[in-house]
Amino acid sequence: MTTESRAVELNVDGKKRVFDIDDPKLPDWVDDNDITAGDYPYKKRMDKGDYEDTLEALQIQIVDMHTHMRNTGKRMIAVFEGRDAAGKGGSISVLHEFLNPRTARNVALSKPSDTERGQWYFQRYVEHFPTTGELVSFDRSWYNRGGVEPVMGFCTPEQHKAFLHDVPEFEKMIVEEGIIFFKFWLNIGQETQLKRFHDRRHSPLKYWKLSDIDIEGMRKWDDYTLARDTMIQATHTSHAPWTVVKMNDKRRGRIEVLRHILMNTDFEGKDADAIGSPDPKIIGPGPMALER
């Protein structure tokens, strides 16, 4: 990690701020708004005990669901997208925690090789699609071309436009193939992201998670917002809708992710009481959820 100062000037809720991620002291304007940033509807995190009890009940149902998938040959894809530090990894972890890794796997691809750059854009993702009885999650997916690539200049405007045009038909093929398909956008506030970046920077266990692209991305909050809104508007369809989950509180967000998958999947042993009801303050469909 470089010792050179990387202080950046940011526009946060209409105010000019300076944020130095290398300063061990987190600014009060970040710390005070960690949970409530971006009009998050709760002021405190979910109680840890309530979270653990609810999570256990949902994970039991996830195991039953996956067992039913293996017995019947059903296939599932769950795509997890969101800004850096939105909580994708943790959400995927609680989904997979007690599943058989032989038939439940996560895909997190690195940047494409020279060979992959010459292929059909979706090709390297299709190679990882599930076979009979498998659940596959994607920690970032083909939607890199909907967000990171256009914002950071890793694709041309023409490639971005073609991607937005092609995705609905590509995903229609997935659904028509009989694959159960979920798309999650994990949404966080700006101060929430800054605090999580700061935590990574000063953690001896997590510092490796912070990249130069993350630092540059802090300056491009509004650009990412525009790319997100454009992407979701163009690719939120009846056959492959986006589900937006507010993740300032990771506990509430993880609960809603698992609950949504369970509520929208049929399986033997499904227990509606154990699954519970969604929190409409935290989870909602596509563009409507972002407008709230």
Side-chain angles (χ1 to χ4, degrees), residues 34-35 40 42 44-70 74-109 128 130 133-141 143 180-188 192-193 195-196 199-200 203 205-206 209 242-265 267 269-284 289:
D34 170 32
I35 293 297
Y40 190 75
Y42 294 99
K44 295 182 179 179
R45 290 177 175 83
M46 184 179 186
D47 176 79
K48 184 178 180 181
D50 291 344
Y51 166 69
E52 291 176 346
D53 290 344
T54 305
L55 179 63
E56 182 179 17
L58 293 173
Q59 287 180 320
I60 290 171
Q61 288 288 291
I62 288 288
V63 170
D64 289 346
M65 179 197 76
H66 188 226
T67 299
H68 181 80
M69 288 177 58
R70 288 188 288 124
K74 289 187 176 181
R75 296 166 291 169
M76 179 182 292
I77 292 174
V79 166
F80 290 84
E81 292 289 340
R83 299 179 194 266
D84 294 313
K88 297 181 289 295
S91 299
I92 291 168
S93 179
V94 297
L95 172 62
H96 284 267
E97 188 172 4
F98 297 105
L99 301 185
N100 186 335
R102 291 188 179 91
T103 51
R105 52 191 170 85
N106 182 57
V107 178
L109 300 182
H128 297 276
E134 281 193 333
L135 182 158
V136 175
S137 58
F138 281 89
D139 185 350
R140 295 200 182 278
S141 66
Y143 280 103
I180 304 166
F181 186 43
F182 295 101
K183 298 190 304 190
F184 293 104
W185 177 268
L186 307 187
N187 210 53
I188 54 171
T192 310
Q193 185 189 57
K195 184 177 188 305
R196 291 177 185 175
D199 289 346
R200 290 178 178 182
S203 166
L205 298 175
K206 298 180 181 180
K209 289 186 175 184
W242 279 101
T243 298
V244 175
V245 184
K246 297 182 178 181
M247 291 292 295
N248 286 16
D249 177 8
K250 294 180 181 179
R251 293 171 183 170
R252 285 189 174 90
R254 291 169 184 170
I255 291 297
E256 294 304 326
V257 166
L258 297 190
R259 182 173 283 150
H260 182 79
I261 290 173
L262 291 166
M263 289 181 65
N264 291 278
T265 305
F267 58 95
K270 186 172 182 176
D271 185 340
D273 290 335
I275 295 170
S277 302
D279 182 348
K281 294 180 181 179
I282 299 297
I283 189 168

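One-based numbering along the sequence shown.
In terms of heavy-atom proximity, M247 sits nearest to G253 at SD-CA, 3.3 Å. The two residues H96 and N106 have their closest heavy-atom pair at CE1-N, 3.9 Å. Heavy atoms only, all atoms of each residue included: L99 and L95 are closest at CD1-O, 3.4 Å. Residues L58 and I255 share a closest heavy-atom pair of CD1-O, 3.6 Å. Heavy atoms only, all atoms of each residue included: V79 and S141 are closest at CG1-OG, 3.4 Å. V136 and P130 get closest at one heavy-atom pair: CG2-CB, 3.7 Å.
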Discussion item. If you apply the rule side-chain contact (heavy atoms from CB on, under 4.5 Å), what do you find for L258 with V94, and how did you get there?
Written reply: CA-CA 8 Å; L258 297 190; V94 297; 4.2 Å; yes
Practice prompt. Walk me through it: do K246 and I283 pass the test side-chain contact (heavy atoms from CB on, under 4.5 Å)?
Written response: CA-CA 6 Å; K246 297 182 178 181; I283 189 168; over 6 Å; no
Discussion item. One pair to check against salt bridge (charged side-chain N to carboxylate O under 4.0 Å, His left out): K88 and E81. What are the steps and the verdict?
Written reply: CA-CA 7 Å; K88 297 181 289 295; E81 292 289 340; over 6 Å; no
Item to complete: Give the C-alpha distance, both sets of side-chain angles, the deciding distance and a yes or no for ring pair (Phe, Tyr, Trp, His ring centres under 6.0 Å) between F98 and H66.
Response: CA-CA 10 Å; F98 297 105; H66 188 226; over 10 Å; no
Fill in: Criterion side-chain hydrogen bond (donor to acceptor under 3.5 Å, both in side chains) on Y40 and K281, from CA distance to verdict
CA-CA 8 Å; Y40 190 75; K281 294 180 181 179; over 6 Å; no
Practice prompt. Let me see the working for I60 and V63 under side-chain contact (heavy atoms from CB on, under 4.5 Å), right down to the final yes or no.
Written response: CA-CA 5 Å; I60 290 171; V63 170; 5.8 Å; no
Discussion item. Using side-chain contact (heavy atoms from CB on, under 4.5 Å), reason through M76 and F182 one step at a time and then give a plain yes or no.
Written reply: CA-CA 8 Å; M76 179 182 292; F182 295 101; 3.9 Å; yes
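The CD1 atom of I92 lies 4.0 Å from the CG atom of D139; values are rounded to the nearest 0.5 Å. How far CD1 of I275 is from CE of M65: 10.0 Å, rounded to the nearest 0.5 Å. Here R200 contributes atom CZ and R196 contributes atom CZ; the two are 8.5 Å apart, rounded to the nearest 0.5 Å. Between atom CD of residue E256 and atom OG of residue S91 there is a gap of 11.0 Å, rounded to the nearest 0.5 Å. How far CE of M263 is from OG of S277: 6.0 Å, rounded to the nearest 0.5 Å. Atom CG of D47 sits about 9.5 Å away from atom CZ of R252, to the nearest 0.5 Å.
Using modelled atom types, no side-chain atom of R259 and backbone atom of P278 make a donor-acceptor pair closer than 3.5 Å. Judged purely by atom type and a 3.5 angstrom limit, R254 has no side-chain atom pairing as donor or acceptor with the backbone of L55. Under a 3.5 Å cut-off, the side chain of T192 and the backbone N or O of I188 do not form any donor-acceptor pair. A donor-acceptor contact shorter than 3.5 Å is absent between the side chain of D249 and the backbone of R45. Of the possible donor and acceptor atoms, one in the side chain of K270 sits under 3.5 Å from a partner among the backbone N and O of T265. For the pair Q59 (side chain) and E97 (backbone), a donor-acceptor distance under 3.5 Å is absent. A donor-acceptor pair under 3.5 Å is absent between the side-chain atoms of S93 and the main chain of G89, judged by distance alone. With hydrogens and angles ignored, the 3.5 Å screen pairs a side-chain donor or acceptor of Q193 with a backbone N or O of D84. R251 places a side-chain N or O within donor-acceptor distance of the main-chain N or O of M46, the cut-off being under 3.5 Å.
Scored by the ring-ring contact (aromatic ring centres under 6.0 Å, His included) test, W185 finds no partners at all (sequence neighbours excluded).
You'll find the side chain of L186 reaches within 4.5 Å of the side chain of V257, heavy atoms only. By the 4.5 Å heavy-atom criterion applied to side chains, Q61 and D271 are counted as neighbours. Side-chain atoms of F267 and L262, non-hydrogen and from C-beta on, do get closer than 4.5 Å to each other. Between Y42 and I282, the closest side-chain pair of non-hydrogen atoms falls below 4.5 Å.
The aromatic ring centroids of W242 and Y143 lie less than 6.0 Å from each other.
Within a 6.0 Å radius of CD in E56, other residues, nucleotides and ligands contribute 12 heavy atoms or fewer.
No cation-pi contact links R140 to F80, judged by a cut-off of 6.0 Å to the six-membered ring centre and 45° from its axis.
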